[in-house]
Amino acid sequence: MLERRETEKKNRWPEQSLVWWGFPQPLGSPMGLLATAVVFCMLPDPVFLRTLEQQDLPTVEGVPSLNMRFDSWRMELSWDCKENTTYLECVMIHKENGPIEITPQEKECHCKFSDYSLHDGVTLMVKVNSTQRLIPETLVYNNSGGECTAAQNFSCFIYNANFMNCSWAKGQAAPDDVQYFLYIRDSRGKRERECPHYIEDSGTHVGCHLEDLSGLANYNYFLVNGTSQRTGIQFFDSVLSWKKIEIYSPPNNISVYCNKSYCVIRWEKPKTRHKLSNMEFKYQLSIQKQSTKEHSEDQLIEVPGNLENNYSFPSPEPRPKHTVKIRTSDARIQKWGDWSQPVEFGSEETAPSLVPIYVLVVLGTLITALVLGCLLKRDNRHWI
């Protein structure tokens, strides 16, 4: 599981300047040149400056004097201990993060780095003080394999607090028989696993679904390996924070209470992967006024999370029918989740009632009939 196929031996990292590691810089004067010559003559063997070709994983061979090795899965650099030697510092030169320095424990011949992505290659160095001389030893770690064969467009997201989907695309130069495999390790190094349920496209793994997220830490290391019968496949790796990839569910228990002048909308924070305070959420409310028109009137309102989680909506009586739905985001990283089901409040709009008109017509008819009746009765008496 831990092997990454190594077929390309080209060094991607330039040799480091000697000035970084305490060597005097030639100043052009005879004394400066003489000092430089003396320092180089004191070195036992210039082989330590040689950039090494990477060997098969899980270890990568270093310079002969220390036999440096790098376990990329454990992020551990180790070497052979030597007598009368003090190991001052381990350095990882990372393309995005620059030099990452660690001081090894006394009499220990290894350094363990935090998780970093390695697919762009890194240079590893140990600064050694042997008989009062500062000697840096170098190891170059490459991502061997065919160019543009690694998985690309890799991403993961957690949803409904307990599920995670990861997806990637086949490398542009990957052969037709390429197959990818996803491995996940928590940042504490206590649990590692391969994807239990792959998603396929024409037989090639292009995604993963996980229903058991137990053991995941705040930060986790993701590795996508590849295999092919035709060529070596480069790997892709990434370190992801669960907080940055979790998509929050809609709020729970949305309710609306109205009086004569306004309505109070209340809700509860959603269930998340890890327990979060109310202040770490923000919410967006969509309040729609229902009408007989073709389109409803929509208001979008953002509300920060707080202990009460409510919003007062001005709506005097008589109020037409409204609906409200809410979605959630992290307060610092805006990534909105799905909308909740709409909750209704207010009354249906009704057309003007025709009852008063009917009453007036009937009354008018009765009055007219009575008047006519009285007139006819008086006329009859006159003729008699």
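All values below were derived from every heavy atom in this structure, side-chain atoms included, with hydrogens, water molecules and symmetry-related copies excluded.
- Here the side chain of Asn142 pairs no donor or acceptor atom with the backbone of Ser144 at under 3.5 angstrom.
- Rounded to the nearest 0.5 Å, atoms CG (Leu285) and CD1 (Ile326) are 4.0 Å apart.
- Within a 6.0 Å radius of CG in Asn310, other residues, nucleotides and ligands contribute more than 12 heavy atoms.
- On the SG-SG cut-off of under 2.5 Å, Cys258 and Cys263 qualify.
- Not counting sequence neighbours, the partners of Lys282 by the side chain to side chain contact (heavy atoms under 4.5 Å, CB included) test are Glu302, Ser329, Gln334, Trp336.
- When side chains are defined from C-beta on, Met164 counts as touching Ile245, because their heavy atoms get closer than 4.5 Å.
- In terms of the ring pair (Phe, Tyr, Trp, His ring centres under 6.0 Å) criterion, Tyr257 has no residue partners (sequence neighbours excluded).
- Distance alone, capped at 3.5 Å, places no donor-acceptor pair between the Glu246 side chain and the Thr272 backbone.
- Using modelled atom types, one finds a donor on one side chain and an acceptor on the other under 3.5 Å when comparing Asp212 with Ser214.
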Worksheet item: Run the salt bridge (Lys or Arg N to Asp or Glu O under 4.0 Å) check on Asp115 and Arg185 step by step: do they pass?
Response: CA-CA 10 Å; Asp115 286 327; Arg185 174 177 51 74; 2.9 Å; yes

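- Other residues, nucleotides and ligands place more than 12 heavy atoms under 6.0 Å from the CD atom of Glu108.
- A donor-acceptor contact shorter than 3.5 Å is absent between the side chain of Asn278 and the backbone of Leu307.
- In the hydrophobic clustering of ILVMFWY residues, with side-chain heavy atoms under 4.5 Å counting as a link, Tyr283 and Val264 come out apart.
- A 4.5 Å side-chain heavy-atom check between Met92 and Phe70 finds at least one atom pair inside the cut-off.
- For His119 and Phe236, the distance between ring centers is under 6.0 angstrom.
- Across all non-hydrogen atoms, the minimal contact from Pro270 to Pro250 is CB-O, 3.5 Å.
- No more than 12 heavy-atom neighbours from other residues, nucleotides or ligands sit within 6.0 angstrom of CD on Gln341.
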Item to complete: For Ile184 and Leu216, run side chain to side chain contact (heavy atoms under 4.5 Å, CB included): C-alpha distance rounded to whole Å, both residues' side-chain angles, the deciding distance at 0.1 Å, then the answer.
Response: CA-CA 9 Å; Ile184 305 171; Leu216 289 184; 4.0 Å; yes

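- Side-chain heavy atoms closer than 4.5 Å link hydrophobic residues (I, L, V, M, F, W, Y) into clusters, and following such links, possibly through other members, connects Val178 to Phe181.
- In this structure Asp177 satisfies the salt bridge (charged side-chain N to carboxylate O under 4.0 Å, His left out) test with no other residue, sequence neighbours excluded.
- In this structure, the side chains of Asn153 and Ser155 stay at 4.5 Å or more apart for every pair of heavy atoms.
- Phe281 pairs by the ring pair (Phe, Tyr, Trp, His ring centres under 6.0 Å) definition with Tyr248, not counting sequence neighbours.
- Between the side chain of Ser238 and the backbone N or O of Phe222 there is no donor-acceptor pair closer than 3.5 Å.
- Summarising the local packing, CD of Glu200 is surrounded by more than 12 heavy atoms from other residues, nucleotides or ligands at distances under 6.0 Å.
- Between Leu240 and Asn220 the shortest side-chain heavy-atom distance does not fall below 4.5 Å.
- Leu182 has its side chain out of reach of Tyr180: every pair of non-hydrogen atoms, C-beta onward, lies at least 4.5 Å apart.
- Counted within 6.0 Å of CZ on Phe163, heavy atoms from surrounding residues, nucleotides or ligands total more than 12; the atom is thus considered enclosed.
- A donor-acceptor pair under 3.5 Å is formed between the side chain of Thr149 and the backbone N or O of Gln234.
- Note: the hydrophobic cluster containing Tyr183 also contains Tyr141 (ILVMFWY, side chain heavy atoms under 4.5 Å, direct or indirect links).
- A search for side chain to side chain donor-acceptor pair (under 3.5 Å) contacts involving Ser286 returns Asp298, not counting sequence neighbours.
- With contacts defined as side-chain heavy-atom distances shorter than 4.5 Å, the pair Asn165/Phe157 qualifies.
- Among residues two or more places apart in sequence or in another chain, the side chain to side chain donor-acceptor pair (under 3.5 Å) test is passed with Glu211 by His209.
- Residues meeting the ring pair (Phe, Tyr, Trp, His ring centres under 6.0 Å) test with His274, sequence neighbours left out: Trp242.
- The CZ atom of Arg69 lies 10.5 Å from the CG atom of Leu139; values are rounded to the nearest 0.5 Å.
- Remark: Cys195 SG to Cys208 SG, distance under 2.5 Å.
- Every residue meeting the side chain to side chain contact (heavy atoms under 4.5 Å, CB included) condition with Val343, not counting sequence neighbours, appears here in chain and number order: Ile254, Val256, Val324.
- Using a 4.5 Å cut-off between side-chain heavy atoms of Ile, Leu, Val, Met, Phe, Trp and Tyr, with links allowed through other members, Ile247 and Ile199 fall into different hydrophobic clusters.
- Judged by distance alone, with hydrogens and angles left aside, the side-chain atoms of Asp80 form no donor-acceptor pair with the main-chain N or O of Asn67 at under 3.5 Å.
- Within the 4.5 Å cutoff, the side chain of Asn225 has no heavy atoms near those of the Ile233 side chain.
- Heavy atoms from other residues, nucleotides or ligands lying under 6.0 Å from NZ of Lys244 number 12 at most.
- Taking the six-membered ring wherever Trp is involved, the centroid distance between the rings of Trp73 and Tyr221 falls below 6.0 Å.
- With sequence neighbours left out, Gln284 forms a side chain to side chain donor-acceptor pair (under 3.5 Å) with Arg327.
- For Lys112 (side chain) and Arg74 (main-chain N/O), a donor-acceptor pair under 3.5 Å exists by modelled atom type.
- Residues that satisfy the side chain to side chain donor-acceptor pair (under 3.5 Å) test with Tyr198, not counting sequence neighbours, are Glu194.
- The NE2 atom of His110 lies 6.0 Å from the CD atom of Glu76; values are rounded to the nearest 0.5 Å.
- Taking every heavy atom of both residues into account, Ile93 and Met125 meet most closely at CD1-CE, 4.2 Å.
- In this structure, the side chains of Val122 and Phe113 stay at 4.5 Å or more apart for every pair of heavy atoms.
- Under a 3.5 Å cut-off, the side chain of Asp201 and the backbone N or O of Thr204 do not form any donor-acceptor pair.
- When every heavy atom of Met279 is checked against every heavy atom of Ala331, the shortest pair comes out as O-CB, 3.7 Å.
- Ser167 places no side-chain N or O within donor-acceptor distance of the main-chain N or O of Gly207, the cut-off being under 3.5 Å.
- Expressed to the nearest 0.5 Å, how far CG of Asn162 lies from CG of Leu213 amounts to 6.5 Å.
- Among residues two or more places apart in sequence or in another chain, the side chain to side chain contact (heavy atoms under 4.5 Å, CB included) test is passed with Glu280 by Lys243, Leu276, Ser277, Arg332.
- Taking hydrophobic clusters as Ile, Leu, Val, Met, Phe, Trp and Tyr residues chained together by side-chain heavy-atom distances below 4.5 Å, Val239 shares a cluster with Ile158.
- Between the side chains of Asn253 and Glu268, a donor-acceptor pair is found at a separation under 3.5 Å.
- Phe345 has its ring centre less than 6.0 Å from the ring centre of His322.
- Legend: residues meeting side chain to side chain contact (heavy atoms under 4.5 Å, CB included) with Ser202, ordered by chain and number and at least two apart, are absent.
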